[in-house]
2 protein chains.
Amino acid sequence: MKRKITLKQIAKELDVSISTVSKSLRNSLEIGEETRLKVQAFAKFYNYKPNNIALSLKNRKTKSIGIIIPEIVHYFFSTVINGVEQVANEYGYSVVICVSDDSFDKEVLNMEMLANGSIDGFIMSLSKETQFKGDFHHITEVINQGMPVVMFDRVTNDILCDKVIIDDKAAAYEAVQSLIDNGRRKIALVTTVDYVSVGKLRTDGYEKALLDNGIAFSEDLIIKIEDVDTCEITISELLHARAFDAVFAVNELFAVTIIKTANKMGLKVPEDLAVIAFTDGIISKYSTPTITTVSQSGEKMGSKAAKMLIERLEAEEDDDEEHTENYTTEVIETHLIKRESTD
Amino acid sequence: MKRKITLKQIAKELDVSISTVSKSLRNSLEIGEETRLKVQAFAKFYNYKPNNIALSLKNRKTKSIGIIIPEIVHYFFSTVINGVEQVANEYGYSVVICVSDDSFDKEVLNMEMLANGSIDGFIMSLSKETQFKGDFHHITEVINQGMPVVMFDRVTNDILCDKVIIDDKAAAYEAVQSLIDNGRRKIALVTTVDYVSVGKLRTDGYEKALLDNGIAFSEDLIIKIEDVDTCEITISELLHARAFDAVFAVNELFAVTIIKTANKMGLKVPEDLAVIAFTDGIISKYSTPTITTVSQSGEKMGSKAAKMLIERLEAEEDDDEEHTENYTTEVIETHLIKRESTD
DNA sequence: TTTCAACACTACCACGTTTTCGTAAAGCAA
DNA sequence: TTGCTTTACGAAAACGTGGTAGTGTTGAAA
């Protein structure tokens, strides 16, 4: 077991100084060719690689970026990571991942853990609990320390930073409009509780589409689901209680549950009930019938976020001091993917 | 924008030495109470936190573990990450993730990137290409440098290290046996190419179950799929060409594709065709019909792997030198989750 | 008065790297 | 010989931390 070799060891072995070794390896002209080649050969033989930690300490940058997300076993979030990962790799960055589990405390803890030098910047999506509490001090703090943060999907207006989002309201509007265009008038909405920012926005889009088309908006046709595990029951109740011919669900899971429940009740999708879901994931593609969805490219969001972050990081290098804080919010376009659950 | 404060800055501000500050913060008795409290108050006010990088350099350990997996947008792998993440967090470790994209080169590159001090140990599952080439020098190298590696799921006998696997062969055997117990005799197998270790093992289990039950084993009923994207065509061909009453698929995706294709052909699942899939994921739960699967708890594998790795890391601290290399291979139990795709 | 211990703190080193500055030796012109 | 440049290298600081060893002062016991 040969431990990694260091400059110091090479220097000692070859009986030269550490600086000579360092310079030789960086091909400095200061060092005579003979010595230079000798050092390089030796280093190559022992497979010398500079120690990242030492470099980080010296350069005050780690070349890694932290991602904080609510869940990882989640199609959308994992596609985002994928996007980030690809861009990060391209630019020589590593990706450190922490999962907040939708808990405020874990989010804070994770951020603090990473903020002390482990990473150069954050890419994050807020946990439900954080959105509920509206407490963003941990993020402000990190930003105040000069660490760039890029938020995506679940963002907040209370924090000034770069953001990557989709136009949730417009996308929801488009989805509902398409249902209306197909002659559906009684459209239900299955969404999350309001404090989840994207849930609220999608609800707004739904409402606007109805009103613009002169369709009465009724609270009775809306259910807000807090706990995913019990959504089956709630959805079943809705289906039994009310009559409607279309549903807009803010995620795949709700949608597929609706379809399954409807089928059990003898309703046919899409004939009796058209279904559109937000977020194009794996379920929509493989459920029966396949589900029409609003695609929301997590990969694009991730790679865009990573690009924004890295750009800011590399920009800092040059100006170093107080660059003008012109934060941007990037809107990723969505589109409707028509499948079998609508006609 | 106040950058993070350091010991040095505190020392300067309070006009004491750096060591005094350091010791005060660690509550050393060497420092008089007055000074100690003054320093602590000051540090608290400026929210002092020791710099992780400096600590890593000093302690020669980073308190982070690297995960290398073939894909991240993948139910099984993301559950594994989840398991790792939880345990890691519990022990104060961060998780750095790299995706090999099933490419040998990316796997090597990622490992090299992380091996130079960024992490204390690896948890990994081999990329397809690596398994195909059988080239594991990058892993040997890392291990030789004294960095512990834990492999999971896609492992190899060519490397000596801790491993976490399931008994793929036995699990496949059990699945096929259950089909036979239900009176199925013509059982097809849809699997991956042989060089994927788990694919091969599952094929072996399938074969053994047939033979043990006195059922002829026929190559005609086996298809090995290389490219997931074109599996639909291949599967469709199989369904048209051969007659069989049950299928064992080595993953969910194959299974759901089989079901959909069978439905199109007018075959009823499970009446005409029983289907069992390996790997219990989200598709199986939500497809119609829901799919009977072999559960393979990624979370358990992840947390087990993390525990093994961390244990080894903390053990190293004590003995420091050459601990007896008694590597273990942990086998996670599986069980059959019966759903609608079988009777 | 001397000696010793307790106290309160500072100096220094190590971790691995890069980089700035310094300097000895050699070469060369005046 | 003197003065200057060039070549080839080394010393040391810096990044931030924490531990060991050391130092100087004070007060009290011998």
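Proteins come first, then strands; the chains are lettered A, B, ... in the order of their sequence lines, and each starts at number 1. Here the structure is a predicted model, which is why all the values come from computation and not from measurement.
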**Student:** Of B:L7, B:I10, B:I31, which meets side chain to side chain contact (heavy atoms under 4.5 Å, CB included) against B:S22?
**Tutor:**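 Exactly one option meets the side chain to side chain contact (heavy atoms under 4.5 Å, CB included) with B:S22, and it is B:L7.
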
**Student:** Check for a donor-acceptor pair, side chain of A:N51 on one end and backbone N or O of A:I53 on the other, with a separation under 3.5 Å.
**Tutor:**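 Side chain of A:N51 to backbone of A:I53: a pair is present.
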
**Student:** How about B:E299 and B:T79: does a side-chain donor come under 3.5 Å of a side-chain acceptor?
**Tutor:**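 On atom types as modelled, these side chains do not qualify, holding no pair under 3.5 Å.
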
**Student:** If you pin B:T20 and B:K58 to their nearest nucleotides in DNA chain C, which one's is more 5'?
**Tutor:**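 Residue closer to the 5' terminus by nearest nucleotide: B:T20.
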
**Student:** Could you verify whether a donor N or O on one side chain and an acceptor N or O on the other, from A:E71 and B:N82, lie under 3.5 Å apart?
**Tutor:**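 There is no such pair (donor and acceptor under 3.5 Å, judged by atom type) between the side chains of A:E71 and B:N82.
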
**Student:** Would you call A:R154-A:D102 a salt bridge at under 4.0 Å N-O?
**Tutor:**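 Salt bridge present between A:R154 and A:D102.
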
**Student:** Around atom OH of B:Y91, are there more than 12 heavy atoms from other residues, nucleotides or ligands closer than 6.0 Å?
**Tutor:**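 Open.
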
**Student:** Through what angle, rounded to 10 degrees, does the axis of the helix from C:dT1-D:dA30 to C:dA30-D:dT1 turn between its ends, using five pairs per end?
**Tutor:**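 Answer for the end axes of this duplex: 90°.
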
**Student:** Which of residues 49-57 of chain B have a heavy atom under 4.0 Å from DNA chain C?
**Tutor:**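 Hits under 4.0 Å, by residue number: B:L57.
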
**Student:** Is any side-chain heavy atom of B:I159 less than 4.5 Å from a side-chain heavy atom of B:T156?
**Tutor:**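 Yes, side chains in contact.
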
**Student:** OP1 or OP2 of D:dG16 sitting under 4.0 Å from any side-chain N/O of A:R60?
**Tutor:**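 Looking at the OP1 and OP2 atoms of D:dG16, one of them is under 4.0 Å from a side-chain N or O of A:R60.
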
**Student:** List for me each residue that meets salt bridge (charged side-chain N to carboxylate O under 4.0 Å, His left out) alongside B:D120, sequence neighbours excluded, and say none if there are none.
**Tutor:**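 For B:D120 there are no salt bridge (charged side-chain N to carboxylate O under 4.0 Å, His left out) partners, ignoring immediate neighbours.
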
**Student:** Under a 4.0 Å heavy-atom cut-off, which of residues 25-34 of chain A touch DNA chain C?
**Tutor:**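 Within this stretch, A:R26, A:E30 sit under 4.0 Å of the strand.
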
**Student:** Quick one, which residues of residues 5-18 of chain A touch DNA chain D with a heavy atom under 4.0 Å?
**Tutor:**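 The stretch gives A:V16, A:S17 as the residues lying under 4.0 Å from the strand, ordered by number.
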
**Student:** For DNA chain C, note the earliest and the latest nucleotide, 5' to 3', having some atom under 4.0 Å of a heavy atom belonging to chain B.
**Tutor:**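 For DNA chain C, the relevant span reads C:dA8 to C:dG16.
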
**Student:** Are A:T20 and A:S17 close enough that a side-chain donor and a side-chain acceptor fall under 3.5 Å?
**Tutor:**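 Short answer, yes.
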
**Student:** Would you please say whether a donor-acceptor pair under 3.5 Å links the side chains of A:S127 and A:T130?
**Tutor:**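 Side chains of A:S127 and A:T130: pair found under 3.5 Å.
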
**Student:** Between the side chains of B:H138 and B:E112, is a donor N or O closer than 3.5 angstrom to an acceptor N or O?
**Tutor:**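 On atom types as modelled, these side chains do not qualify, holding no pair under 3.5 Å.
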
**Student:** Say whether A:Q40 and A:N27, considering side chains only, have a donor N or O and an acceptor N or O under 3.5 Å apart.
**Tutor:**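 The criterion, which ignores hydrogens and geometry beyond distance, is satisfied for A:N27 and A:Q40.
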
**Student:** Check whether the side chains of A:D101 and B:Q86 place a donor and an acceptor atom closer than 3.5 Å, and report yes or no.
**Tutor:**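 A:D101 vs B:Q86: no donor-acceptor pair found between side chains.
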
**Student:** Salt-bridge test for B:D162 and B:K307: reply yes if a basic N is under 4.0 Å from a carboxylate O, no otherwise.
**Tutor:**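 Answer for the salt bridge query: no.
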
**Student:** So if I apply the side chain to side chain contact (heavy atoms under 4.5 Å, CB included) rule between A:M124 and each of A:I139, A:V150, A:I67, A:I69, which one comes out positive?
**Tutor:**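 The passing option is A:I139.
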
